[in-house]
There are 4 protein chains.
Amino acid sequence: MAEDRRVRKTRKALRDALVELVIERGFTALSVEDITQRADVGRATFYSHFRDKDELFARVTADLLAELDDRLRPVVQDSAVGFTGKPILQMLRHARDERDLYRIVLRGEGDGKPLRMFTDACARVAAQEFRGRSERNAVEPRIDPELLARAWVGEQVAVLQWWVEQDAPPMPAEEVVRMLLDLALRGRYWATGFDTPA
Amino acid sequence: MAEDRRVRKTRKALRDALVELVIERGFTALSVEDITQRADVGRATFYSHFRDKDELFARVTADLLAELDDRLRPVVQDSAVGFTGKPILQMLRHARDERDLYRIVLRGEGDGKPLRMFTDACARVAAQEFRGRSERNAVEPRIDPELLARAWVGEQVAVLQWWVEQDAPPMPAEEVVRMLLDLALRGRYWATGFDTPA
Amino acid sequence: MAEDRRVRKTRKALRDALVELVIERGFTALSVEDITQRADVGRATFYSHFRDKDELFARVTADLLAELDDRLRPVVQDSAVGFTGKPILQMLRHARDERDLYRIVLRGEGDGKPLRMFTDACARVAAQEFRGRSERNAVEPRIDPELLARAWVGEQVAVLQWWVEQDAPPMPAEEVVRMLLDLALRGRYWATGFDTPA
Amino acid sequence: MAEDRRVRKTRKALRDALVELVIERGFTALSVEDITQRADVGRATFYSHFRDKDELFARVTADLLAELDDRLRPVVQDSAVGFTGKPILQMLRHARDERDLYRIVLRGEGDGKPLRMFTDACARVAAQEFRGRSERNAVEPRIDPELLARAWVGEQVAVLQWWVEQDAPPMPAEEVVRMLLDLALRGRYWATGFDTPA
DNA sequence: ACGTAAGCGAGACGGTACGTCGCGTCTTACC
DNA sequence: GGTAAGACGCGACGTACCGTCTCGCTTACGT
């Protein structure tokens, strides 16, 4: 009895309506009324659940990140040993399952706040992996770790964004992971086609 | 008759006001009235120059990109030969000079449209460099070029964003370039502290 | 089984709350919630007894008028003979006993509907007295009877309203009656201080 | 240039719309939107002129009272000498010209506030006449002057209210005045048909 | 140099959306 | 069966900005 059945139904309807409509017309162009109409809910009811549409989006994103975290937790341990690519694989699969939501978050809709939430979450995982590696493998980063982390997350997010926006049958997740792993192990110089530097 | 002196002054005032205010309170929170008040200009006058605040921001961004392009053109040729890091260096210097504007663009203010303009411009330059290398050095990319480009630009933008948001005396541009070059040549595996892969 | 004890209690609480609150803040400014809170009753309960706050007020007023009628019936017969002032005296005493309710009714609270109910009741009594006089004393009104009735009731209500709004120890009811009687018998010309007209 | 032509037009339209609609459906039943639609004016425009519909009604009433005052001022002086009935005559004529407005004010629409304004204005004039008489004719009121004033104004307002609500060709103003004068000079006892008291 | 076309400020206006409040209906659980 | 608690659809509130529109005043340009 933790939560009224009606409440659960109403919230679900609002969340779904939000995602649909942002895909169709973009977050800024939406009014609260648009959302409530699509969800078939009174406008006042919206406000009894969320302060404004930003909060709704934030909650939706938070739920998504919680879900992602559930999927990631079992595999980050392993990856801390070396470069397995398992976390990225999980993330790609999650993105495949929740494609629309990933799209709108990664597009920076909603003033980029949800994207920032996402990026921060990735950065947190990245930091965790880094710490794990340093401890287990007794290695020291050779370039500023902050910069390294930023570069990594930026790369990941950019690729992810590109992947979820592909409309034609997209490249399989496993192949993306393979490429990213190659890129991480050998660098862009090699990836571009040059041979190992002198 | 190129442009009335009054017009030039008004536009300048509006552009500056926009940047200041976005830094202070964020793009979405601004009203046209806020901008015109800060610029000490009538609201009607604003509308005789720009359709809305999005257009103003777009123009400001376009001007910035044109300036960046001027600085980049002389050096992209050289970098097409190998990995010189010169274009990134120029960009960092430009960002140092126009710090506030870079910040708000990279934060994704204004619905991320300016950021998309910026990213696209970077992608265009990247594509140019790629083409140049393929032709001059007779090399073939070893991973999907689209993915490679996305990853690269994502990395660049993420690092740039981090760099312009630093408040303490930031790391010198030359050092950032050195690190990025190392990262590109040897990969993240090496950068993390591991030795060359098996 | 005339009426559940709980029901009686609830209605009483609502009526009292209404009167108190209208005195404090005025009818229009009240919400149903205000009333139910003061009465310590659930909002839904209110609606199971009254359609809305207007109906509650109407019922309260109707009860008051029924009570007034009970007090008036024994004395209107006598007054039909001449001008005894007994009905007005009874009304003033009733108003003294139910001061707050009289105040809010006479102020025209609730869109003036209760006041109209009150005025109509007075007019009915007045008509009754008139009819009685015409029959018993064989007199004919010297001015339009409709106008005469309106003037009379208007005078009564205005004086009553003034009397119940006095906060200091008000003029005794008997004295008010005496004055009104003088006024009725001799007219305002005399009351103002002039001597009998030419 | 004291006042923008557009402003004058807008206000006029709102005032007229108010009166029309109150006659049709009553003040309480009106929404601001109803008024602005009838006036063919934007709802926001309404709020740039009046705080709410009560203020609009108050202004309309105030204007009416100012007009009435203009008509009354020349004649109250004369009436201070004796009982000429001229002020009442003027008021009746004014009521004939502005019938709808008088109706809604006298009905107590708008929480009775406009009616109170009207009553107060009458009381002010009455007090003025009283003072004039006391001074010029060296007479002293024979009953409490406060009560006398209330009774008088109440009578006036009641008769006025009845008169403006008549739909059939109403009794001529002059005749009403004659009757009220008779009533004032000789009292209700006489008017009812009885002969002068012993 | 100066008259005139422009740029400009002020602000009224019709709109749209906001976030809030109160309505009257309803469902659920308690006593 | 009367009640309390509270979700819900609805409609109005008063506010904030939007983009458009006069209306006069000021200012810089072109002849």
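Treat the numbers as computed from the prediction; the structure is a model and nothing was measured.
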* For K9(A) and dG6(F), what is the distance between atoms NZ and P respectively, to the nearest whole Å? -> 21 Å
* To do: Using atom CD of E55(C) as one end and atom P of dC23(E) as the other, report the distance to the nearest whole Å.
  => 15 Å
* Shortest non-hydrogen separation from T45(B) to S48(B) and the atoms involved -> O-OG, 2.7 Å
* Asked: Between dG22(E) atom P and L21(C) atom CG, what is the distance in whole Å?
  -> 13 Å
* Structure fact -> Judged by nearest nucleotide, the residue sitting upstream toward the 5' end of DNA chain E, T10(D) or T10(B), is T10(B)
* To do: Please list, by residue number, the residues of residues 24-48 of chain D whose heavy atoms come closer than 4.0 Å to an atom of DNA chain E; answer none if no residue qualifies.
  => D40(D), V41(D), G42(D), R43(D), A44(D), T45(D)
* In whole angstroms, how far is the P atom of dT22(F) from the CG atom of D4(D)? -> 12 Å
* Atom CG of L14(B) and atom P of dG7(E): how far apart are they, to the nearest Å? -> 14 Å
* Nearest to side-chain heavy atoms of R6(D), which nucleotide of dG7(E), dT27(E), dC13(E) -> dC13(E)
* Using the six-membered ring of F27(B), assess whether NZ or CZ of K53(B) lies under 6.0 Å from its centre and within 45 degrees of the ring axis. => yes
* Asked: Is the side chain of R11(D) donor-acceptor paired with the backbone N or O of H49(D) at a distance under 3.5 Å, no angle test?
  -> no
* D100(B) side chain to R103(B) main-chain N or O, any donor-acceptor pair under 3.5 Å? -> no
* Asked: Does the distance from a Lys or Arg side-chain N to an Asp or Glu carboxylate O, for R38(B) and D16(B), drop under 4.0 Å?
  -> no
* Is the closest basic N to carboxylate O distance between D4(B) and K9(B) below 4.0 Å? -> no
* To do: Starting from P on dA7(F), measure out to CZ on R8(A) and report it in whole angstrom.
  => 14 Å
* Between dA7(F) and H49(A), is there an OP1 or OP2 to side-chain N/O distance shorter than 4.0 Å? -> no
* Starting at atom CZ of R51(C), determine the distance to atom C1' of dC23(E), rounded to an integer number of angstrom. => 13 Å
* Quickly work out the L56(C) CG to dC23(E) P distance and round it to whole Å. => 12 Å
* Asked: Is the shortest side-chain N to carboxylate O distance from E165(D) to R107(D) below 4.0 Å?
  -> yes
